[in-house]
Amino acid sequence: SRLGILIVRHLKRLERVILGYLEVSDGPKEEARLAILETLQCTIEHAWPRMPCRLPVLLKALLRLLWDVHTEQGPTPEPVRAVLLHRATQCLILLDHCSQGQVKVLLQGVQSSCEENRVRECLRKVQEST
């Protein structure tokens, strides 16, 4: 937040860090994933003009996170899973806003082929966002 738009100077390195943290579960409390989703949200809010070019990579990582959180059989409690899904959904909505609706277009095929209700619900929220 302190850097504001100046975060764009560090986007390439920050993107690698964000992707690395999103890929790996860090235990039942998922503190690192929750914090990195907050960081991603803040980054999108401040560096929104630069986000459309990073859309393919971030979209793929967030969709993988949604799927992983839904399918993991680990000790993560349900409330923590719900917060992870919510924050990932919020990041997808922000990405959609800064890319003028590209996320919604890309997710149309995914949503129709997804059979998992929780993941489908997250995608529906993105589709219905304005």
Side-chain angles (χ1 to χ4, degrees):
S1 291
R2 289 183 185 172
L3 287 176
I5 190 65
L6 297 177
I7 194 68
V8 298
R9 294 180 182 169
H10 307 283
L11 273 181
K12 190 177 281 189
R13 274 185 289 167
L14 183 58
E15 181 181 294
R16 286 193 305 262
V17 171
I18 289 170
L19 295 175
Y21 275 97
L22 289 179
E23 288 178 358
V24 181
S25 175
D26 63 313
K29 294 183 182 179
E30 293 284 7
E31 292 166 337
R33 274 184 170 172
L34 290 170
I36 208 67
L37 283 168
E38 186 177 332
T39 301
L40 177 58
Q41 185 173 347
C42 188
T43 301
I44 295 169
E45 290 170 355
H46 286 91
W48 63 268
R50 300 292 176 105
M51 288 297 117
C53 66
R54 290 176 157 61
L55 181 62
V57 173
L58 293 174
L59 180 60
K60 182 179 177 182
L62 288 167
L63 289 175
R64 181 174 288 141
L65 174 68
L66 289 176
W67 182 257
D68 288 348
V69 168
H70 173 70
T71 58
E72 284 175 351
Q73 300 296 322
T76 305
E78 190 55 39
V80 175
R81 288 178 193 263
V83 173
L84 280 169
L85 293 172
H86 174 73
R87 287 194 184 167
T89 302
Q90 291 304 114
C91 287
L92 287 169
I93 290 170
L94 284 173
L95 280 174
D96 183 63
H97 289 298
C98 68
S99 67
Q100 289 87 32
Q102 288 181 18
V103 172
K104 288 178 184 170
V105 172
L106 294 169
L107 289 181
Q108 286 174 347
V110 175
Q111 187 177 10
S112 63
S113 65
C114 181
E115 296 179 4
E116 302 301 329
N117 288 334
R118 290 182 79 183
V119 176
R120 184 181 285 176
E121 179 64 21
C122 293
L123 299 178
R124 184 191 60 74
K125 287 177 184 175
V126 174
Q127 292 289 355
E128 293 177 355
S129 69
T130 56

Quick check for you: to the nearest 0.5 Å, what is the distance between [X] atom [atom1] and [Y] atom [atom2]?
X	Y	atom1	atom2	value
Cys91	Glu45	SG	CD	8.5 Å
Leu58	Leu19	CG	CG	6.0 Å
Ile44	Cys98	CD1	SG	6.0 Å
Leu106	Lys60	CG	NZ	13.5 Å
Leu11	Arg50	CG	CZ	7.5 Å
Ile7	Leu14	CD1	CG	5.0 Å

Minimum heavy-atom separation for [X] to [Y], with atom names?
X	Y	answer
Ser99	Pro52	CA-CG, 4.1 Å
Ala88	Leu66	CB-CD2, 3.8 Å
Lys29	Val80	O-CG1, 3.6 Å
Asp26	Glu31	OD2-N, 3.3 Å
Glu72	Glu30	OE1-OE2, 4.0 Å
Leu95	Leu59	CD1-N, 4.5 Å

Please enumerate all residues that pass side-chain hydrogen bond (donor to acceptor under 3.5 Å, both in side chains) together with Glu116, with sequence neighbours excluded.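 Here the qualifying residues are His70.
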Partners passing side-chain hydrogen bond (donor to acceptor under 3.5 Å, both in side chains) against His97 (at least two apart in sequence or in another chain):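 For His97 there are no side-chain hydrogen bond (donor to acceptor under 3.5 Å, both in side chains) partners, ignoring immediate neighbours.
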Report the C-alpha distance between Val119 and Val69 in whole Å, list the side-chain angles of each, state the deciding distance to 0.1 Å, and finish with yes or no for side chain to side chain contact (heavy atoms under 4.5 Å, CB included). CA-CA 9 Å; Val119 176; Val69 168; over 6 Å; no
Are Val105 and Leu94 linked, directly or through intermediate hydrophobic residues, by side-chain heavy-atom contacts shorter than 4.5 Å (ILVMFWY only)?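 No, Leu94 does not connect to Val105 through the hydrophobic network.
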Is there a path of hydrophobic side-chain contacts, each under 4.5 Å between heavy atoms of I, L, V, M, F, W or Y residues, that connects Leu92 with Trp48?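 Each belongs to a different hydrophobic cluster.
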Leu123 vs Leu63 side-chain heavy atoms within contact, under 4.5 Å: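 Sidechains of Leu63 and Leu123: in contact.
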Can you find a pair of side-chain heavy atoms, one from Asp96 and one from Gln127, that are under 4.5 Å apart?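 Answer no - side chains too far apart.
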Do the side chain of [X] and the main chain of [Y] share a donor and acceptor less than 3.5 angstrom apart?
X	Y	value
Lys104	Ser129	yes
Gln73	Thr71	yes
Asp68	Glu23	no

Does Arg118 CZ have over 12 foreign heavy atoms under 6.0 Å away?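 Above 12, so yes.
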More than 12 heavy atoms of other residues, nucleotides or ligands under 6.0 Å from NE2 of His86: yes or no?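 Not buried by this count: 12 neighbours or fewer within 6.0 Å.
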As a quick check of understanding, evaluate side chain to side chain contact (heavy atoms under 4.5 Å, CB included) for Arg33 and Leu65, giving each step before the final call. CA-CA 9 Å; Arg33 274 184 170 172; Leu65 174 68; 3.7 Å; yes
Contacts table for residues 34-42: side-chain donor-acceptor under 3.5 angstrom, sequence neighbours left out:
residue: Thr39; atom: OG1; partner: Ala35; partner atom: O; Å: 3.0

